[in-house]
Amino acid sequence: MKYCQECGAEMQDHELFCSNCGMQQTELRKADEVELADNVEIADNVEPASSFETEAPIPPVPAFSTEPPKTEFKMDYDYGQQQASEGAFYNPSAAAFPIQKYSFWKYLLLGIITCGIYQLYYLYKWTEDTNRLSQGVYKPSQNYLIVFLLSIVTCGIYYYIWTYQQGERLKVVGDANGIQINETGIHHLLLTLLLGGVGGLVSQYIFFSNTNRLSGVYNGDITREQANVKTSYIPAIIIGVVIAILAFSSFIGLMVYQARNFNYNDYSYYEDFDYEDMEDFDLEEFMNEGYADYTIDEEGLMDILFTEDGSILEITDAMVIKDVNGDPAIAVEFYWQNNSERKTSAMWNFDITAEQDGTPLTITWPKPDDPDVNMTNYSQDVDKDESTTFQLVFKLVDETTPVRVLVKDVMSGGNNKAACTFTIE
């Protein structure tokens, strides 16, 4: 079935002229074609439907927005800030739980008074607050107590990593909120690496200053314009230099004090003593008896040595033994009276050597079961005004050449000496 193009009357499919109006048909269309064509014309006026369901756009992460915020502190919270009076920003949560202001001088002075305990607490609180500022902006820092322990375990390496991350954290938060933070993690890392403790103090001063600017906007205390006022770090540099000078001066003063105390000389009881004039020297009278039996080495040295702090070392005896390897050795016995003002050992006060005909002898060890030889007292500390005997064992070159033992007082730079020559029988 088809229809006339002129009047619309029904026509047979084979008819070329309309039986109603006589109009010759130039285009033959079936009824379903007409209906389809009409539907197509209607559809042309309608926007085509999408062939797939459009996904909802994912909102950008506010932390890394390059456009400065205008009405809110950009953080991934369920609340925003509202414009308050004088261009500040009101944060409902910050009003209830504001971020505190951090004082470098409080951190420094109370840390000194509490031997660093307060500094641990202060850095713990500061780390928690920087995590609040950077929530949804930068990955959270670990608890500072964990940072402290990891820094100890890694010999300080983790502290440098954490310092770098904190610098990056504040920089990213500032960029996301239109607050200018000039210092990146690299700046803080270089300060602590190159300038040591002084650089660490300057870095911490900058950390606190930048945190206070960010938290001021977060709390609604200041505007972004006020937060972007240029900050001077001259006070931190000055305090760092002053602390460095004080620390260096204290170190030098301590060294001078120890040197004076350690090398304190009291020659009142033997100021007229002359090693080169042994004929006129009465050793028994000089030592208030008890040391009258002494020998003089071929080079004019006694077998007894008087140190500048009043201590006495005497070479008393020697005997030939077998060392731990079964080789011939000589065990030399010494008596030491510690008259200094400190507890110390003979090993730290005397340099003891032996030789045979100019050939130095090496120190060796006796057999473990040798009851006549004790080398341990040489390194053990002796209290003030106490005495001890100890032995040193030297490996012999041969069993015929005499052995010469030489003792030098370390504190005198080797100027005070004692010597004794033993003949091997």
Side-chain angles (χ1 to χ4, degrees), residues 275-276 278 281 283-284 286-287 290-340 343-383 386-425:
Y275 281 101
E276 297 179 355
M278 295 303 300
F281 178 69
L283 183 62
E284 182 176 357
F286 178 76
M287 292 304 300
Y291 290 95
D293 185 15
Y294 63 90
T295 62
I296 299 177
D297 185 73
E298 58 187 3
E299 293 186 5
L301 296 177
M302 295 194 304
D303 60 0
I304 187 171
L305 182 151
F306 309 100
T307 65
E308 295 179 347
D309 59 12
S311 299
I312 303 166
L313 181 76
E314 182 181 8
I315 308 170
T316 57
D317 200 2
M319 59 181 176
V320 177
I321 63 170
K322 295 294 184 180
D323 68 4
V324 68
N325 298 316
D327 298 324
I330 183 170
V332 184
E333 184 181 79
F334 302 86
Y335 169 83
W336 179 45
Q337 172 74 39
N338 179 22
N339 293 329
S340 68
K343 184 177 181 179
T344 183
S345 67
M347 182 178 66
W348 290 105
N349 288 270
F350 304 103
D351 178 21
I352 303 176
T353 58
E355 63 179 21
Q356 280 184 297
D357 196 20
T359 301
L361 304 183
T362 58
I363 294 180
T364 184
W365 293 90
K367 292 182 177 180
D369 56 351
D370 192 333
D372 299 323
V373 181
N374 180 10
M375 293 182 63
T376 58
N377 287 345
Y378 177 55
S379 58
Q380 289 184 348
D381 287 341
V382 177
D383 291 328
E386 297 293 330
S387 62
T388 186
T389 59
F390 62 89
Q391 292 170 304
L392 287 180
V393 179
F394 298 92
K395 185 175 181 179
L396 294 173
V397 176
D398 59 68
E399 297 184 64
T400 58
T401 306
V403 177
R404 183 172 186 264
V405 180
L406 179 65
V407 180
K408 296 180 181 179
D409 176 20
V410 174
M411 290 299 99
S412 68
N415 294 325
N416 292 343
K417 303 176 184 179
C420 185
T421 300
F422 295 98
T423 301
I424 301 178
E425 297 178 356

*With a cut-off of 6.0 Å (strictly less than), are more than 12 heavy atoms of other residues, nucleotides or ligands near CG of D357?*
no
*Could you check I352 against F394 for side-chain contact (heavy atoms from CB on, under 4.5 Å), going step by step and ending with a plain yes or no?*
CA-CA 11 Å; I352 303 176; F394 298 92; 4.2 Å; yes
*Answer yes or no: is there a side-chain heavy-atom contact under 4.5 Å between L396 and I424?*
yes
Roughly how far, to the nearest 0.5 Å, is the [atom2] atom of [Y] from the [atom1] atom of [X]?
X: L361; Y: R404; atom1: CG; atom2: CZ; answer: 12.5 Å
X: E333; Y: F390; atom1: CD; atom2: CZ; answer: 9.5 Å
X: L313; Y: N349; atom1: CG; atom2: CG; answer: 9.5 Å
X: D409; Y: K417; atom1: CG; atom2: NZ; answer: 11.5 Å
X: F334; Y: D317; atom1: CZ; atom2: CG; answer: 11.0 Å
X: I304; Y: C420; atom1: CD1; atom2: SG; answer: 12.0 Å

*Which pairs with one or both residues in residues 373-382 pass side chain to side chain donor-acceptor pair (under 3.5 Å), sequence neighbours excluded?*
N374-T376
*Examine the side chains of N338 and S340 and answer whether a donor and an acceptor come within less than 3.5 Å of each other.*
yes
Which atoms form the tightest heavy-atom contact between [X] and [Y], and what is the distance?
X: K367; Y: D323; value: CG-O, 3.5 Å
X: T364; Y: A329; value: CG2-CB, 4.1 Å
X: G310; Y: N339; value: O-ND2, 2.7 Å
X: V382; Y: W336; value: CG2-CZ3, 3.6 Å

*asked:* Using the salt bridge (charged side-chain N to carboxylate O under 4.0 Å, His left out) criterion, which residues pair with D370? Sequence neighbours excluded.
replied: none
*Apply the test side-chain contact (heavy atoms from CB on, under 4.5 Å) to residues V373 and M319: give CA-CA distance (whole Å), side-chain angles for both, the deciding distance (0.1 Å), then the verdict.*
CA-CA 10 Å; V373 181; M319 59 181 176; 3.9 Å; yes
*With sequence neighbours left out, write down each residue that passes side-chain hydrogen bond (donor to acceptor under 3.5 Å, both in side chains) with D398, or none if nothing qualifies.*
T400, T401
*Dump the intermediate steps for side-chain contact (heavy atoms from CB on, under 4.5 Å) on L406 and L301, then the final yes or no.*
CA-CA 9 Å; L406 179 65; L301 296 177; 4.0 Å; yes
*Run the numbers on N416 and K408 for side-chain contact (heavy atoms from CB on, under 4.5 Å), then give the verdict.*
CA-CA 6 Å; N416 292 343; K408 296 180 181 179; over 6 Å; no
